[in-house]
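Read the structure below first, then the notes.
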Amino acid sequence: MLFYGPSAREGGGLRAQPLDALGQLRGRSVEVWREDISDVNPLAPHALEVAAASGGGRVGVAWVARHGREVRVHVSRGTGTSFSPAEDLGESELPPMIVRGNVAMAAAADGSLSLIHRTTRGPCVDGVPGECARLRITRIGDDGASDRRGLALVIPEVCDRPVPGYVWADGTWYYSICAQSEGAPATTVYAIQFEPSYAQADRIFAGCEALGLGRVGEGAAVALGRCAGGRVDGVRYADAGSNKLVLVGLSRRVVCSEGRPHVVLGGDPGGDQLDLPLNEATADLSALLPEAMARPRSRAVWTGEALLVAVPLGAEVALHRYQCEHGEFVRTSAF
């Protein structure tokens, strides 16, 4: 499923295009959300950033949309062929147009969904002068009911990309938040487990740009950051965040072994490396791929048969497909 937002000139809104496992179009696109222009909003409301996740046969999508001078966050749920009416989660900040990370969504195996999004700035402490950036976590149960109260995060100053990633792995929700500390960025990765109850926060990548957070295999997540001199470092978390592996100076490669692709994250010579076979369908892979394959702002998923990379090209999106052929991982499409 490819979600995309037509420009205001094209009527705005948000649409979903069903795809098969090889990235081929499967039927017509579905309208997820659309609002007509009005005297208040002479331009059609349109999506600025989209995040989606699926699990348990359910699909969730959240987006930051511009409504005239306002920016608001919406969420919808569906099965891929139809979606619930868009739910308005409130006002947000106007994000930099070239940066993702103001909304992120994850899905558990039972179909429950959770999203993190940026809200408007507000008091750091009630009754005390000064404003902070604010984020909110909204959970949507397997019955489709959303917790509108959510969990509020108050941060003195966030990065341009405040939420680098959000994934669910082996009963644990992992999310990363990038904040400014003394004029330099730093990332904190949170691991939240409900049964049994456990939570952990780990501050990493001080002075580094957060690249993203991805799920690897059944039970682990990997955070990546770009540090001084362009060096890419990584941290893998497993066992609800209690098992941690730090990788310094990563190279990112995709190789083929016995006809199956493997993402290889290699550290210092002679040091640890991660070999991540792509077997079951997996989202949130863009940060783990070489930048020549998944440039900034791309989205990448492994469908079980092919790697599909959605690449923004101006006001359009190109969809590239990669597969193993004759022992090499190569691009097999140009559309």
Side-chain angles (χ1 to χ4, degrees), residues 5 8 12 14 33 35 40-41 43 45-51 60-76 86-106 113-140 146-166 173-190 192 199 201-213 223 225 296-297:
L14 180 72
W33 163 78
E35 293 185 9
V40 177
N41 297 324
L43 289 177
H46 55 285
L48 301 176
E49 181 181 356
V50 183
V61 58
W63 61 98
V64 181
R66 186 159 193 169
H67 299 251
R69 295 183 179 181
E70 277 192 340
V71 176
R72 307 189 70 82
V73 178
H74 305 273
V75 63
S76 177
E87 184 176 351
D88 188 340
L89 297 182
E91 195 172 355
S92 182
E93 299 280 337
L94 180 65
M97 295 300 293
I98 61 172
V99 176
R100 295 193 187 275
N102 291 275
V103 62
M105 175 174 275
L113 302 163
S114 184
L115 66 100
I116 305 176
H117 66 91
R118 189 172 183 175
T119 65
T120 55
R121 295 181 65 86
C124 301
V125 180
D126 289 341
V128 177
E131 288 191 338
C132 285
R134 296 185 294 182
L135 303 168
R136 181 166 294 277
I137 301 176
T138 300
R139 303 198 184 280
I140 305 169
S146 60
D147 180 0
R148 293 299 301 274
R149 296 169 300 171
L151 171 66
L153 304 175
V154 179
I155 302 168
E157 194 61 51
V158 293
C159 305
D160 286 342
R161 186 184 183 189
V163 189
Y166 196 11
W173 301 88
Y174 293 94
Y175 62 90
S176 55
I177 303 296
C178 183
Q180 294 287 340
S181 177
E182 298 181 354
T187 301
T188 300
V189 174
Y190 297 84
I192 310 295
D202 186 33
R203 188 173 183 271
I204 58 175
F205 301 150
C208 303
E209 172 196 1
L211 293 179
L213 180 72
R297 299 174 59 219

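Excluded from the calculations below are hydrogen atoms, water molecules and symmetry mates; all remaining heavy atoms, backbone and side chain alike, are included. Please read all numbers here as calculations on a predicted model, not as lab measurements.
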State, yes or no, whether a side-chain contact exists between Ser181 and Arg203 at a heavy-atom distance under 4.5 Å.
-> yes
Evaluation steps, side-chain contact (heavy atoms from CB on, under 4.5 Å), between Ser176 and Val189 = CA-CA 4 Å; Ser176 55; Val189 174; 4.1 Å; yes
Show your working on side-chain contact (heavy atoms from CB on, under 4.5 Å) between Ile137 and Trp173 and close with a plain yes or no.
-> CA-CA 11 Å; Ile137 301 176; Trp173 301 88; over 6 Å; no
Nearest heavy atoms of Pro164 and Ala210, plus distance in Å = CG-CB, 3.5 Å
CZ-CG distance between Arg118 and Leu153, expressed to the nearest 0.5 angstrom | 12.5 Å
Validation row: Asp88, Arg72 side chains within 4.5 angstrom (heavy atoms) | yes
Heavy atoms of Ile177 and Leu135 approach each other most closely as CD1-CD1, 3.6 Å
Flag the pair Thr188 / Asp202 as yes when at least one side-chain heavy-atom distance between them is below 4.5 Å, and no otherwise.
-> no
Verify side-chain contact (heavy atoms from CB on, under 4.5 Å) between Ser76 and Trp33, making sure each step is shown before the conclusion.
-> CA-CA 9 Å; Ser76 177; Trp33 163 78; over 6 Å; no
Side-chain heavy-atom pair Leu94, Arg66 within 4.5 angstrom cut-off | yes
Look up atom CD in Glu35 and atom CG in Leu14, then write down how far apart they are to the nearest 0.5 Å.
-> 11.5 Å
Closest contact, heavy atoms only, Ser114 versus Tyr166 | OG-OH, 2.6 Å
Nearest-0.5 Å distance that lies between atom CG in Asn102 and atom CD1 in Ile116 | 12.0 Å
Cys124 SG to Glu157 CD distance, which is reported to the nearest 0.5 Å | 9.5 Å
Result for side chain to side chain contact (heavy atoms under 4.5 Å, CB included) between Thr187 and one of Ile204, Leu211, Leu213 points to Ile204
Check the pair Arg134, Glu93 against salt bridge (Lys or Arg N to Asp or Glu O under 4.0 Å), reporting the backbone distance first and the verdict last.
-> CA-CA 10 Å; Arg134 296 185 294 182; Glu93 299 280 337; over 6 Å; no
Which pair of heavy atoms, one from Ala65 and one from His74, lies closest together, and at what distance?
-> CB-CD2, 3.9 Å
Give, for atom CG of Leu48 and atom CZ of Arg100, the distance between the pair rounded to the nearest 0.5 Å.
-> 11.0 Å
Minimum heavy-atom separation for Gln180 to Pro185, with atom names?
-> OE1-N, 3.6 Å
Do the side chains of Val158 and Cys178 get nearer than 4.5 Å, heavy atoms only?
-> no
Provide the closest heavy-atom pair for Val103 versus Glu49 in the form atom of the first, atom of the second, distance.
-> O-OE2, 3.5 Å
Look only at the side chain of Ser92 and the backbone of Val71, and say whether a donor-acceptor pair between them is shorter than 3.5 Å.
-> no
Gap separating the OG1 atom of Thr138 from the CD atom of Glu87, nearest 0.5 angstrom | 8.0 Å
Between Met105 and Val75, does a side-chain contact (heavy atoms from CB on, under 4.5 Å) hold up when you go through it step by step?
-> CA-CA 10 Å; Met105 175 174 275; Val75 63; 3.8 Å; yes
With a 4.5 Å heavy-atom cut-off, do Ile192 and Tyr175 have their side chains touching?
-> yes
